[in-house]
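The next block holds one structure in the form of structure tokens; read it before the comments.
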Amino acid sequence: MTDELDDDEARALRAQRIIEAVAAIPRGRVASYGAIAARAGYPGRARLIGRVLGDAPDRLKLPWHRVLRADGRIGIPAGTASYREQCKRLKAEGVTVKDGRVPMSAFGLDHDLDRAIWGMPGA
DNA sequence: CCGATGACTCTGC
DNA sequence: CGCAGAGCCATCG
């Protein structure tokens, strides 16, 4: 059909894959934007993740709060309502949040269970 | 078409 | 650990 709808579809597909990747993050764990992007099939497009999450409706009940920057920092501007909400949710899951930062060495997916969860060796 | 912006990441100093 | 620069990509004026 029209190219415009085609473009719209492509955008929806990106969002879909990204949303699924985010939803796959285990409770009590966190992942970086880059990791999600790669996992969704868009390596190098970390910014795309942030864009999609910001546009994603809350009714999807997406665990967006489990997505942090590569250094473990909250990816949202400090002081905003969303920022505080993310901190709150993480703590509620048992994730340590110190000064808006999470020790990914301990809660990151590539600490030890990386392949067990993301790699999906087939169990 | 170009410049600016941003829920990004990496490298170098 | 912090700062600057460069790469990256979609959206907006």
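Below, all heavy atoms of this structure are taken into account, side chains as well, without hydrogens, waters or symmetry copies.
- The residue Gly75(A) sits close only to the backbone: its heavy atoms come under 4.0 Å of sugar-phosphate atoms, none of a base.
- The footprint of chain A on DNA chain B, defined by a heavy-atom cutoff below 4.0 Å, extends from dG6(B) to dC10(B).
- Note that CG of Leu60(A) is 5.0 Å distant from CD1 of Ile19(A), once rounded to the nearest 0.5 Å.
- Residue contacts for Ser32(A): at a heavy-atom cut-off of 4.0 Å it reaches the sugar-phosphate backbone alone, with no base atom in range.
- In this view, Asp99(A) satisfies the side chain to side chain contact (heavy atoms under 4.5 Å, CB included) rule with no residue, not counting sequence neighbours.
- Summarising the geometry, atom CG belonging to Leu90(A) is positioned 5.5 Å from atom CD belonging to Gln86(A); distances are rounded to the nearest 0.5 Å.
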Are there any protein N/O atoms within less than 3.5 Å of an N/O atom in nucleotides 7-10 of chain C, and if so, which ones and at what distance?
{"from": "dC8(C)", "atom 1": "O2", "to": "Arg47(A)", "atom 2": "NH1", "distance (Å)": "3.1"}
{"from": "dC8(C)", "atom 1": "N3", "to": "Arg47(A)", "atom 2": "NH1", "distance (Å)": "3.3"}

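- Here Arg51(A) contributes atom CZ and Arg11(A) contributes atom CZ; the two are 10.5 Å apart, rounded to the nearest 0.5 Å.
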Please report, to 0.1 Å, the donor-acceptor pairs under 3.5 Å made by any side chain of residues 62-70 of chain A, with sequence neighbours excluded.
{"from": "His65(A)", "atom 1": "NE2", "to": "Glu93(A)", "atom 2": "OE2", "distance (Å)": "2.9"}
{"from": "Arg66(A)", "atom 1": "NE", "to": "Glu93(A)", "atom 2": "OE1", "distance (Å)": "2.9"}
{"from": "Arg66(A)", "atom 1": "NE", "to": "Glu93(A)", "atom 2": "OE2", "distance (Å)": "3.2"}
{"from": "Arg66(A)", "atom 1": "NH1", "to": "Ile25(A)", "atom 2": "O", "distance (Å)": "2.9"}
{"from": "Arg66(A)", "atom 1": "NH2", "to": "Glu93(A)", "atom 2": "OE2", "distance (Å)": "2.7"}

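- Applying the side-chain hydrogen bond (donor to acceptor under 3.5 Å, both in side chains) test to Glu85(A) and every residue at least two apart in sequence or in another chain returns Arg89(A).
- A search for side chain to side chain contact (heavy atoms under 4.5 Å, CB included) contacts involving Arg59(A) returns Pro57(A), not counting sequence neighbours.
- With a 4.5 Å cut-off on side-chain heavy atoms, Tyr33(A) and Leu53(A) count as touching.
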